[in-house]
Amino acid sequence: MIRFGLCCMFRDEPIRFRRTTAAALGRHPPRTRLKLLADLIQNNAESLQQAIAYCAANGIGAFRINSQVLPLRTHPEVGYLMADLPGGAELVRQFKACGRLARRLKVRLSFHPDQFVLLHSPRADVVAASLRELEYQAEVAGWVGADVINIHGGGAYGDKEFALHRLTQAIRKLPRPVRKRLTLENDDRIYTPADLLPVCEATRTPFVYDVHHHRCLPDGQSVETVTRRALKTWNREPLFHLSSPLNGWKGPHPERHHDFINVHDFPACWRHLELTVDIEAKAKERAVIKLRKQMAGQRLNT
């Protein structure tokens, strides 16, 4: 059975996750700043509960939580601990309640950190900031029961082979709460499945196969071959990504995402798998619901 996933936000539904900027927070004294953050996080916990309920009611089996669900949690100037916030313990309890709801409604939760998370950067400060971000997201993942924290390969830094070696070493040193949830995804500019699958196989890290990225940046392997190899890296339900190009495969910039998914872009070899497929499309919930109905209609007609 395919479990379709919605990524981070809604297009039409009045469910909104709030965020802020360091500059905006910096205009306030510390006590006011923490109250503003607590209010934002309260809203986000309530929105997450609504998102989980909406997904379950509309046949959407997974939801990707925005990395800023705790806004600026690891920022070097305005970062904070939950214990610093007024009502911080109650906020944690609300996120744990979201986790219980997700388990009861069978909605899978995941995280996809921002592009600045680079575990193998040659800069020590970037690696340290990346680790802080992953530890924060692992903490929230523990509250809500999310089993995936997915990152891209990152930069090649002029020597892809050595960068992959550094990435392998960095993964092996991760703290357990991060390590047990970490996954790697191929991208459309630098790292193909052929680059990352050996790292995943060597470190026992699940591989999130983005078939759109692979079609934009091919490596000589077929979709079927990568799918088989990717499935073997998972010790739980695999999670893959799907998109369609904004201007078609023969148009300019095929890496840009369409509002919806062309059903013909869904790989035939995925159709009978036990699999989560996150739908990366600009129409958000509308795109997921439309594709789910199209796939169901195809099954009825075969």
Margin query: Is there a side-chain hydrogen bond (donor to acceptor under 3.5 Å, both in side chains) between H253 and N247? Walk through the geometry before answering.
Written below: CA-CA 7 Å; H253 302 292; N247 298 300; over 6 Å; no

Notebook entry, point to check: Can you check whether Y157 and H120 have ring centres sitting under 6.0 Å from each other?
Noted result: yes

Notebook entry, point to check: For the side chain of W234 and the backbone of F207, is there at least one donor-acceptor N/O pair under 3.5 Å apart?
Noted result: yes

Margin query: Check whether S130 reaches the backbone of V126 with its side chain - one donor and one acceptor, N or O, closer than 3.5 Å.
Written below: yes

Margin query: Ignoring hydrogens, what is the shortest heavy-atom contact between D125 and R123? Give both atom names and the distance.
Written below: OD2-NH2, 2.7 Å

Next item on the list: Work out which heavy atom in L174 is nearest to a heavy atom in L182; give both atom names and the distance.
Entry: CD1-CD2, 3.6 Å

Check: When rounded to the nearest 0.5 angstrom, what is the spacing between CG in D259 and NE2 in H257?
Finding: 12.0 Å

Notebook entry, point to check: Looking only at heavy atoms, which two atoms of W270 and I2 are closest? And how far apart?
Noted result: O-CD1, 3.2 Å

Margin query: Grouping I, L, V, M, F, W and Y whenever their side-chain heavy atoms are under 4.5 Å apart, do I279 and M295 come out in a common cluster?
Written below: yes

Note to self: I'd like to know if the side chain of Q137 pairs up with that of E133 as donor and acceptor (distance under 3.5 Å, no hydrogens or angles considered).
What the structure shows: yes

Notebook entry, point to check: What's the verdict on side-chain contact (heavy atoms from CB on, under 4.5 Å) for C55 and L105, showing C-alpha distance, side-chain angles and the deciding distance?
Noted result: CA-CA 9 Å; C55 288; L105 297 180; over 6 Å; no

Next item on the list: To the nearest 0.5 Å, tell me how far M9 CE sits from S47 OG.
Entry: 12.0 Å

Notebook entry, point to check: Under 4.5 Å between side-chain heavy atoms, hopping through other hydrophobics if needed: is there a path connecting V117 to V69?
Noted result: yes

Next item on the list: For a salt bridge (charged side-chain N to carboxylate O under 4.0 Å, His left out) with D147, tell me which candidate from K180, R108, R181 qualifies.
Entry: R108

Note to self: Ring centroids only, cut at 6.0 angstrom: are F10 and Y54 within range, meaning strictly under it?
What the structure shows: yes

Check: Taking the six-membered ring for Trp, are Y209 and H241 ring centroids under 6.0 Å apart?
Finding: no

Check: Will you find, in the side chains of Q94 and Q49, an N or O donor that is under 3.5 Å from an N or O acceptor?
Finding: no

Notebook entry, point to check: Out of curiosity, I190 CD1 to L196 CG, how far, rounded to the nearest 0.5 Å?
Noted result: 10.5 Å

Note to self: Could you check whether any side-chain N or O of K284 sits under 3.5 Å from a backbone N or O of C7, counting only pairs where one atom can act as donor and the other as acceptor?
What the structure shows: yes

Checklist line | Minimal non-hydrogen separation, L167 against L184, with atom names | finding: CD2-CD1, 4.2 Å

Notebook entry, point to check: Minimum heavy-atom separation for P245 to P254, with atom names?
Noted result: CB-O, 3.3 Å

Checklist line | salt_bridge(E135, R132) N-O dist < 4.0 Å | finding: no

Item checked: Euclidean distance, L119 CG relative to Q169 CD, rounded to 0.5 Å -> 12.5 Å

Margin query: Can you give me the closest heavy-atom contact between P267 and V211, atom names plus distance?
Written below: CG-CG2, 4.0 Å

Item checked: Spacing of R19 atom CZ and L70 atom CG [to the nearest 0.5 Å] -> 12.0 Å

Margin query: If the test is side chain to side chain contact (heavy atoms under 4.5 Å, CB included), which one of D114, L134, I171 qualifies with I151?
Written below: L134

Margin query: Does K290 qualify as a cation-pi partner of F260, given the criterion of NZ or CZ under 6.0 Å from the six-membered ring centre and within 45 degrees of its axis?
Written below: yes

Next item on the list: On the 0 to 90° scale, with breaks at 30° and 60°, tag the H212-W249 ring pair as parallel, tilted or perpendicular.
Entry: tilted

Notebook entry, point to check: Has K160 got more than 12 heavy atoms of other residues, nucleotides or ligands less than 6.0 Å from its NZ?
Noted result: yes

Next item on the list: Dump the intermediate steps for side-chain contact (heavy atoms from CB on, under 4.5 Å) on F63 and I65, then the final yes or no.
Entry: CA-CA 6 Å; F63 184 72; I65 301 173; 4.2 Å; yes

Check: Going by atom types alone, do H213 and E255 pair a side-chain donor with an acceptor below 3.5 Å?
Finding: no

Notebook entry, point to check: Going hydrophobic residue to hydrophobic residue with side-chain gaps under 4.5 angstrom, can you get from I261 over to L246?
Noted result: no

Next item on the list: Run the numbers on F4 and T276 for side-chain contact (heavy atoms from CB on, under 4.5 Å), then give the verdict.
Entry: CA-CA 6 Å; F4 292 102; T276 298; over 6 Å; no

Notebook entry, point to check: Going through the checks in order, is the side-chain contact (heavy atoms from CB on, under 4.5 Å) test met by W143 and V92?
Noted result: CA-CA 7 Å; W143 300 341; V92 173; 3.7 Å; yes

Margin query: Is it the case that the side chains of Q68 and N66 hold a donor-acceptor pair, with the cut-off being a distance below 3.5 Å and no angle test?
Written below: no

Notebook entry, point to check: So, the side chain of R3 versus the backbone of I60: is there a donor-acceptor pair under 3.5 Å, distance only?
Noted result: no

Notebook entry, point to check: Is the closest side-chain heavy-atom distance between D278 and S110 below 4.5 Å?
Noted result: yes

Note to self: If we count only N and O atoms by modelled type, under 3.5 Å, do the side chains of T192 and D195 hold a donor and an acceptor together?
What the structure shows: yes

Check: Should R11 and E285 count as an ion pair when the cut-off is N to O under 4.0 Å?
Finding: no

Notebook entry, point to check: Taking N186 for the side chain and D210 for the main chain, is one N or O donor matched with an acceptor at less than 3.5 Å?
Noted result: yes

Notebook entry, point to check: Could you state the interatomic distance from NE2 (H152) to CZ (R189), rounded to the nearest 0.5 Å?
Noted result: 9.5 Å

Next item on the list: Would you kindly say whether T183 and N150 are connected by a side-chain donor-acceptor distance under 3.5 Å?
Entry: yes

Next item on the list: Begin with the C-alpha distance, continue with both residues' side-chain angles, and end with the deciding distance and a verdict on side-chain hydrogen bond (donor to acceptor under 3.5 Å, both in side chains) for Q42 and E46.
Entry: CA-CA 6 Å; Q42 172 73 41; E46 293 171 358; 2.7 Å; yes

Check: Is the count of non-hydrogen atoms from other residues, nucleotides or ligands lying under 6.0 Å from R236 atom CZ greater than 12?
Finding: yes

